[in-house]
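Structure first, then comments.
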Amino acid sequence: MVTAISVLGSTGSIGRQTVSAAEHLGLPVRAITANRNTRLLEEQARRLRPALAAVYDEQAAAQLRIALADTDIRVASGMEGLLEAALVAGADCVVTGVSGSVGLRPTLAAIDAGRRIALANKETLVCAGTLVMARARERGAEIIPVDSEHSAIFQCLAGRQPGELRRILLTASGGPFRGWTRAQTASVTPEQAVRHPNWSMGAKISVDSATMMNKGLEFIEAMHLFAVQPEQIHVLIHPQSAIHSMVELCDGAVIAQLASPSMDLPIQYALTWPERRPSQTPTLDFAALGGMTFFEPELSELPCLCLAMDCARRGGTAPAILSAANEAAVALFLQRKIGYNEIYDCVADALSRIEINQTSALEDILLADSAARKLVMERYT
């Protein structure tokens, strides 16, 4: 178990739950960060007493410095602030709860320092999985997944030899529009898209879950985390979200991890691994659950998932373009500047117009990311 943590994105959904888990476990929090939510960040700072509070937005950081002037908490800003938080003295684990590719550089910095990464920022591995996993091996840094699906796979593979795994069964609830056609989703509003039937999440990841892009990103992430080929990952719709994922072993045995649809357990496990401690996760009530069902995804009606799976096979900078274009498109959708179905159109357009390089170099990945964002924004401004 780690002794102290830094939480990148402490005011987001994962970050707030991480803070709760840390308080439950009695773990000191040495650094916290936010994009611009200084109100909540100030509350957390006064309660947790970290050495550092960082705000990505420069103007918001200036406001926080004034608000915390009566404390000894240092306030940093911008990307430099995130990097400082990732390397803050005394923390042996960094929880990457920030959304988007902004988490890549702080994650690499923490890896270089040999710290445990409790990875909740899936875009880091989507964009630069080859680079990140190689760097972690070189530096001896532990990467423990926080996503419920990847945490489930990680738990199912505990004590297994690499050759024992035949395939990963990656479960998905199907989101709020399971069974809908593209024609039916054309008029979907942001309010509908963020209303997930099983999970309470931030707006961006909720929209990704609705489009099933989230499952596509998880598909790519799983490839890197568990060193498997695309053909070894099978997506399966499981509406009840009781089984968080499964592994099929070489002898035909299938091992599943089940729990209530709560992020408490995967977050805490990333902090306590290889130990287990009592958590705040509600007990899974099998009688109330009643039954569990499984379906093959209707790929013809899930173009975002198909696009992501194709990028997994293409490799290189394709996943970085996919992730960045999707992030920009979802932001536009949440601002009501584009329609729900146009999220896919934006991402497909970026992938068709930006050159894909077969490289894992950080500079090329960041250039691809920037080009995709620019292309999507220019399309609608």
Side-chain angles (χ1 to χ4, degrees), residues 1 21 116-120 122 125-126 129 133 136-137 142-175 198-199 209 212 214-297 305 308-309 312:
M1 180 170 165
R116 175 181 294 184
I117 309 298
L119 187 70
K122 60 175 59 66
L125 287 190
V126 170
M133 297 306 292
R137 287 191 295 271
E142 298 165 341
I143 296 183
I144 312 297
V146 168
D147 265 352
S148 63
E149 294 84 356
H150 300 100
S151 177
I153 297 162
F154 182 77
Q155 293 176 63
C156 290
L157 290 175
R160 306 289 169 194
Q161 297 301 313
E164 293 181 43
L165 176 64
R166 178 181 292 168
R167 63 174 181 162
I168 289 168
L169 299 171
L170 190 63
T171 58
S173 70
N198 300 337
W199 294 89
S209 182
M212 288 284 283
N214 193 52
K215 202 54 51 180
L217 299 178
E218 289 173 1
F219 186 102
I220 299 170
E221 187 181 5
M223 284 175 51
H224 295 293
L225 274 172
F226 306 109
V228 296
Q229 298 300 311
E231 295 73 25
Q232 290 177 274
I233 305 174
H234 183 73
V235 175
L236 197 60
I237 304 297
H238 170 48
Q240 294 80 18
S241 297
I243 293 178
H244 297 298
S245 274
M246 300 176 273
V247 299
E248 182 181 310
L249 303 179
C250 60
D251 60 0
V254 176
I255 300 176
Q257 189 265 339
L258 291 80
S260 296
S262 165
M263 287 303 298
D264 291 328
L265 190 152
I267 290 170
Q268 178 169 303
Y269 190 62
L271 304 180
T272 65
W273 179 84
E275 302 174 31
R276 287 188 183 270
R277 299 285 181 89
S279 78
Q280 304 173 89
T281 303
T283 301
L284 184 60
D285 187 336
F286 284 92
L289 184 64
M292 294 186 289
T293 52
F294 305 91
F295 309 96
E296 293 290 338
L305 174 59
M309 292 167 68

**OP:** Give the C-alpha distance, both sets of side-chain angles, the deciding distance and a yes or no for side chain to side chain contact (heavy atoms under 4.5 Å, CB included) between M212 and I237.
**Re:** CA-CA 11 Å; M212 288 284 283; I237 304 297; 3.7 Å; yes
**OP:** Measure across H244 and P261 and return the closest heavy-atom pair with its distance rounded to 0.1 Å.
**Re:** CE1-CA, 4.0 Å
Original post:
Which distance, rounded to the nearest 0.5 Å, do you find between the NZ of K122 and the CD1 of I220?
Top reply: 11.5 Å
Original post:
With a 4.5 Å heavy-atom cut-off, do M223 and P230 have their side chains touching?
Top reply: yes
**OP:** Any chance you could measure I153, atom CD1, to I233, atom CD1, to the nearest 0.5 Å?
**Re:** 7.5 Å
**OP:** Could you tell me the separation between the CD1 atom of I144 and the CD atom of Q155, rounded to the nearest 0.5 Å?
**Re:** 10.5 Å
**OP:** Please identify each residue that fulfils salt bridge (charged side-chain N to carboxylate O under 4.0 Å, His left out) with E248, with sequence neighbours left out.
**Re:** R166, R167
Original post:
With a 4.5 Å limit on heavy-atom distance, are the side chains of L236 and M246 in contact?
Top reply: yes
Original post:
Is the backbone of M133 close enough, under 3.5 Å, to the side chain of H224 for a donor and an acceptor to pair up by distance?
Top reply: no
Subject >> Short side-chain to backbone donor-acceptor contact, T171 and I243, under 3.5 Å >> reply: yes
**OP:** Would you indicate whether the side-chain heavy atoms of V247 and R160 approach each other to under 4.5 Å?
**Re:** no
Original post:
So which heavy atom on K215 is nearest to which on V235, and how close?
Top reply: CG-CG1, 3.8 Å
**OP:** Can you see which heavy atom on S245 is nearest to which on A152, and at what distance?
**Re:** N-CB, 3.7 Å
Subject >> side chain to side chain donor-acceptor pair (under 3.5 Å) contacts touching residues 255-267 (sequence neighbours left out) >> reply: S262-D264
**OP:** Kindly indicate, with the supporting measurements, whether the criterion side chain to side chain contact (heavy atoms under 4.5 Å, CB included) is fulfilled by E142 and I117.
**Re:** CA-CA 6 Å; E142 298 165 341; I117 309 298; over 6 Å; no
Subject >> Pair Q240, T293: side-chain N/O donor-acceptor within cut-off below 3.5 Å >> reply: yes
Original post:
Looking only at atom types and distance, does a side-chain atom of T272 sit under 3.5 Å from a main-chain N or O of M1, one as donor and one as acceptor?
Top reply: no
Subject >> Sidechain-backbone polar pair: Q232 side chain, A227 backbone, donor-acceptor under 3.5 Å >> reply: no
Subject >> Side-chain donor/acceptor of D147 to backbone N/O of E149, under 3.5 Å >> reply: no
Original post:
Is a donor on one side and an acceptor on the other found under 3.5 Å between the side chain of H150 and the backbone of E218?
Top reply: yes
Subject >> Nearest atoms (heavy-atom pairs only) where Q268 meets P278 >> reply: NE2-O, 3.2 Å
Subject >> Gap separating the OG atom of S151 from the CG atom of L265, nearest 0.5 angstrom >> reply: 6.5 Å
Subject >> Interatomic distance, E221 atom CD to L170 atom CG [nearest 0.5 angstrom] >> reply: 9.5 Å
**OP:** Indicate yes or no: at least one non-hydrogen side-chain atom of P239 is less than 4.5 angstrom from one of F295.
**Re:** yes
Original post:
Taking all non-hydrogen atoms of both residues, which atom of A118 and which atom of V146 are closest, and how far apart?
Top reply: C-CG2, 3.7 Å
Original post:
Does atom CD of Q229 have more than 12 heavy-atom neighbours from other groups under 6.0 Å away?
Top reply: no
**OP:** Report the distance from atom CG of L271 to atom CZ of R116, rounding to the nearest 0.5 Å.
**Re:** 7.5 Å
**OP:** State, to 0.1 Å, how close F294 and H238 come at their nearest heavy-atom pair, and which atoms those are.
**Re:** CE2-ND1, 3.5 Å
**OP:** Kindly write out the residues that satisfy ring-ring contact (aromatic ring centres under 6.0 Å, His included) with F219, not counting sequence neighbours, or none if the list is empty.
**Re:** none
